[in-house]
Protein chains: 2
Amino acid sequence: MAVNFQALAEEFTKFYYAQFDSDRSQLGNLYRDHSMLTFETSQLQGAKNIIEKLVSLPFQKVAHRISTLDAQPSSPDMGSVLVMVTGELLVDEEQNPQRYSQVFHLIPEGGSYYVFNDIFRLNYS
Amino acid sequence: MAVNFQALAEEFTKFYYAQFDSDRSQLGNLYRDHSMLTFETSQLQGAKNIIEKLVSLPFQKVAHRISTLDAQPSSPDMGSVLVMVTGELLVDEEQNPQRYSQVFHLIPEGGSYYVFNDIFRLNYS
């Protein structure tokens, strides 16, 4: 059965950002011990370290808005999916959103997917 | 021998954008028949289709400037590399650069690398 990569990427990012924006401490089961996060200039490996980093970010309220979302299979036959998001981030009482770019590399596992690669950058103008 | 993913990504993108900005019709040997390009809302597969698309873009002069460049291994043991670039694009006689985000997924082959995934989006504000 052919996977609809775009639909899968939309479903994943919708779930991910909803969870991030309501309680990001609960994102741990989307990462594994060999998962990697680049968040701005910080590099983390492992679900525990990644969640500690995300929880430590200096804002209480946060809302992600997706501007563009693109997906491709990342291998000819493994079912893995590469997702690139560009969007806007609104934190705490800030009125002006910050633009960001983010890549997720999703690996199939037991009927679901986990995040192997996660790269996040704010886009300063 | 551990691969320095960041150095490899810097070397690749330097080469890629220099070639793109001088003569993008010559980028074909960086793609394969199963390579994919998402360029804005267009989706292409195969080196020939990808190069036709890149050559058809409606500008003569183009210059890429990298703002941020991040790399991670995209698998535990395959030597493949995921690269996310954010940068600025200056085309023809335009004075104002356009911001963009781009992802490359590089696969090792015979001592070098080819592009399996390429996703490009302009960042409109």
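Every chain is numbered from 1 and lettered A, B, ... according to where its sequence line falls, protein lines coming before strand lines. Quick note: numbers below take in every heavy atom, side chains included, and nothing from hydrogens, waters or symmetry partners. As the structure is a prediction and not an experimental result, all values here were calculated from the model.
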Could you tell me which of Ala71(B), Pro97(B), Ser75(B) has the largest number of non-hydrogen atom pairs under 4.5 Å with chain A? Ser75(B)
Check whether Phe104(A) and Phe116(B) end up in the same hydrophobic cluster, where Ile, Leu, Val, Met, Phe, Trp and Tyr are linked by side-chain heavy atoms less than 4.5 Å apart. no
Please report the shortest heavy-atom distance between Met84(A) and Ser101(B), naming the atom on each side. CE-O, 3.5 Å
Is there a continuous path of hydrophobic side-chain contacts, each under 4.5 Å between heavy atoms, that joins Met78(A) to Val81(A)? no
Tell me whether Ile119(A) shares a hydrophobic cluster with Leu69(B), the cluster being built from Ile, Leu, Val, Met, Phe, Trp, Tyr side chains joined at under 4.5 Å. no
Option in Val103(A), Asp70(A), Thr86(A), Leu82(A) with maximal non-hydrogen atom pairs under 4.5 Å from chain B: Asp70(A)
Glu109(A) atom CD, over 12 foreign heavy atoms within 6.0 Å: yes
For atom CG of Asp33(B), decide whether the heavy atoms of other residues, nucleotides or ligands shown that lie under 6.0 angstrom number more than 12. no
Does CZ belonging to Phe59(A) count more than 12 external heavy atoms closer than 6.0 Å? yes
For Arg99(A) and Tyr124(B), indicate whether the former's side chain and the latter's backbone hold a donor-acceptor pair under 3.5 Å. yes
Gln72(A) and Thr38(B) have their tightest heavy-atom pair at NE2-OG1, 2.9 Å
Cut-off 4.5 Å, heavy atoms of chain A, and the answer for Leu122(B) is neither
Using a 4.5 angstrom heavy-atom cutoff, name the option from Glu40(A), Gln102(A), Gln43(A), Met36(A) with the most pairs to chain B. Met36(A)
